[in-house]
J.: 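Before I ask anything, let me first share the structure, which is written out below as structure tokens.
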Amino acid sequence: MRAATAGRTVALVTLVVVALLGSAYALGRSLVADPAALQSPGLGAGMTGTQYAEQPPVTGTVDPPPGGPDEAPQSGGPSPVPSSSSDDGLYGSQLTTGTDAVALTFDDGPDPSYTPQVLQVLREYGLKATFCVVGENARNHPDLVRAIAADGHTLCNHSWNHDLLLGKRSPDVIRADLVRTSQAIRAAVPDAPVVWFRQPGGAWTYPVVSAARELGMTPLHWTVDPSDWRAPGPQRIADVLTTYVQPGSVVLLHDAGGDRQGTVDALRYALPDLTSRFRLAALPDGAT
């Protein structure tokens with residue numbers, strides 16, 4: 001009888017151990033994102049131009065609300081709210097406007113398809129924004145850089161060709177990249193103040209922050225990211241803007257680097273609400 005009881009006990013313990021191991025394996029797999037899902041979207045059918053894979057880090061980002069197409073979060077999972085209320089972001093980059101104003105910022109342009117549309121929407125609402133331009137795009141589309149400046153928007157240096165690893169280059173390479181980009185901006189608008197720099201992907205390092213400051217530029221991060229670079233659709237982009245923007249927010253948007261029609265349309269959805277609740281303004285460029 002004791003032998004039978006002992007046998008049943010051993011069998012029961014074995015089943016429990018197997019079940020626990022199976023649960024642990026399943027849990028481990030559930031915590032690993034699908035690598036394929038983490039790839040940035042490519043150019044859509046019929047699209048042309050440079051595709052920049054903007055992949056902001058976790059700090060200071062806001063993921064789009066649920067309800068749309070399935071998307072795997074970036075490694076670590078973005079926070080639904082900014083992780084810091086300080087003006088000092090990663091490696092001393094600026095996170096907020098420092099005032100009650102909200103700053104809309106547009107990265108990766110200028111682009112002949114989307115930058116004019118963004119400018120038109122901003123004109124309709126009488127708004128000023130900040131455009132973080134890529135050097136080679138400024139060189140290729142100087143007319144659009146002039147249009148941005150003519151409308152009174154602030155120009156920001158966003159590196160020569162959107163090098164996500166720029167911050168890991170040598171100090172000389174970093175400095176040359178930033179100087180070349182500012183020169184391309186000023187080739188279009190000779191007197192343009194360029195007092196802001198945004199590192200592609202927000203991949204800040206001490207060397208790139210130091211180079212920007214030595215050249216008279218303030219490193220600029222953000223507090224709200226609706227992930228429009230993933231092209232989740234205008235309604236999802238607008239939902240994040242109307243939900244998470246607050247006084248002092250710096251909002252990360254894009255007017256180039258892929259299909260940005262969703263961003264343009266999202267502005268039309270969100271701006272009536274945002275302008276009724278906040279003061280929207282360009283970041284100061286130091287011009288008198």
J.: Can you tell me how far apart CG (Asp285) and OG1 (Thr130) are? Round to the nearest 0.5 Å.
T.: 8.5 Å
J.: With distance as the sole test, does Ser249 use its side chain to make a donor-acceptor pair with the main-chain N or O of Gln246 at under 3.5 Å?
T.: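 Side chain of Ser249 to backbone of Gln246: a pair is present.
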J.: Scan Thr263, Val251, Val240, Asp107 and name whichever one has a side-chain contact (heavy atoms from CB on, under 4.5 Å) with Asp228.
T.: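 The side-chain contact (heavy atoms from CB on, under 4.5 Å) with Asp228 is passed solely by Thr263 among Thr263, Val251, Val240, Asp107.
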J.: Assign the ring pair Phe131 / Phe106 to parallel, tilted or perpendicular, where the plane angle (0 to 90°) is split at 30° and 60°.
T.: parallel
J.: Could you list the residues that satisfy side chain to side chain contact (heavy atoms under 4.5 Å, CB included) with Ser113, not counting sequence neighbours?
T.: Asp111
J.: Using modelled atom types only, decide if a donor and an acceptor are shared between the side chain of Trp196 and the backbone of Pro284 within a distance under 3.5 Å.
T.: yes
J.: Are Pro226 and Arg236 side-chain neighbours, meaning at least one heavy-atom pair lies under 4.5 Å?
T.: no
J.: Throw together a table of side-chain donor-acceptor distances under 3.5 angstrom for residues 119-127, partners on residues two or more places apart or in other chains.
T.:
| residue | atom | partner | partner atom | Å |
| --- | --- | --- | --- | --- |
| Gln120 | OE1 | Arg123 | NH1 | 3.0 |
| Gln120 | NE2 | Glu124 | OE2 | 3.3 |
| Arg123 | NE | Asp151 | OD2 | 2.7 |
| Arg123 | NH2 | Asp151 | OD2 | 3.1 |
| Glu124 | OE1 | Arg268 | NH1 | 2.8 |
| Glu124 | OE2 | Arg268 | NH2 | 3.4 |

J.: My understanding is that only residues two or more places apart in sequence, or in another chain, count here; which of them pass side chain to side chain donor-acceptor pair (under 3.5 Å) with Thr181?
T.: none
J.: Would you say that Leu155 contacts Val133 through its side chain, given a criterion of any heavy-atom pair below 4.5 Å between the two side chains?
T.: yes
J.: Evaluate the side-chain proximity of Arg198 to Leu252: yes if any heavy-atom separation is below 4.5 Å, no if none is.
T.: yes
J.: Is there side-chain contact between Thr154 and Lys128, with heavy atoms separated by less than 4.5 Å?
T.: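 In short, these two side chains do not touch, never coming nearer than 4.5 Å.
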J.: Would you say the side chain of Asp191 lies within less than 4.5 Å of the side chain of Arg186, judging by non-hydrogen atoms?
T.: no
J.: Can you list everything that forms a side chain to side chain contact (heavy atoms under 4.5 Å, CB included) with Pro247? Sequence neighbours excluded, please.
T.: Asp100, Phe278
J.: Under the side chain to side chain contact (heavy atoms under 4.5 Å, CB included) test, which residues partner Arg277, sequence neighbours left out?
T.: Thr242, Asp273, Leu274
J.: Do the side chain of Arg260 and the main chain of Ala256 share a donor and acceptor less than 3.5 angstrom apart?
T.: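 At least one qualifying donor-acceptor pair exists.
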J.: If you round to the nearest 0.5 Å, how far is NE2 of His162 from SG of Cys132?
T.: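 Rounded to the nearest 0.5 Å, the SG-NE2 separation comes out at 10.0 Å.
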J.: Looking only at atom types and distance, does a side-chain atom of Asp108 sit under 3.5 Å from a main-chain N or O of Pro110, one as donor and one as acceptor?
T.: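 No, because the side chain of Asp108 does not come within donor-acceptor range (under 3.5 Å) of the backbone of Pro110.
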J.: Under 4.5 Å between any side-chain heavy atoms of Arg146 and Ile148, yes or no?
T.: no
J.: Rounded to the nearest 0.5 Å, what's the gap from CG on Asp255 to CG on Leu104? Could you check?
T.: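 It is 12.0 Å, given to the nearest 0.5 Å.
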J.: Is the shortest side-chain heavy-atom distance between Arg213 and Pro219 below 4.5 Å?
T.: yes
J.: By side chain to side chain contact (heavy atoms under 4.5 Å, CB included), which residues pair with Asn140, not counting sequence neighbours?
T.: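 With sequence neighbours excluded, Asn140 shows a side chain to side chain contact (heavy atoms under 4.5 Å, CB included) to no residue whatsoever.
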J.: Would you say Leu165 and Val208 are hydrophobically clustered, going by side-chain heavy atoms of ILVMFWY under 4.5 Å?
T.: no
J.: Is there a path of hydrophobic side-chain contacts, each under 4.5 Å between heavy atoms, that joins Trp229 and Tyr269?
T.: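 In one cluster with Trp229: Tyr269, no.
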J.: Is the closest side-chain heavy-atom distance between Val250 and His221 below 4.5 Å?
T.: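 No. Closest side-chain heavy atoms not under 4.5 Å.
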J.: Nearest 0.5 Å, please: how far is OG in Ser227 from NE2 in His254?
T.: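 Between His254 NE2 and Ser227 OG, I get 9.0 Å after rounding to 0.5 Å.
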J.: Do Leu144 and Tyr114 sit in the same hydrophobic cluster, where Ile, Leu, Val, Met, Phe, Trp and Tyr count as joined when their side-chain heavy atoms come under 4.5 Å apart?
T.: no
J.: Using the side chain to side chain donor-acceptor pair (under 3.5 Å) rule, pick out the option among Asp163, Thr205, Asp177 that qualifies with Arg169.
T.: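 Testing each of Asp163, Thr205, Asp177 against Arg169, the sole residue satisfying side chain to side chain donor-acceptor pair (under 3.5 Å) is Asp163.
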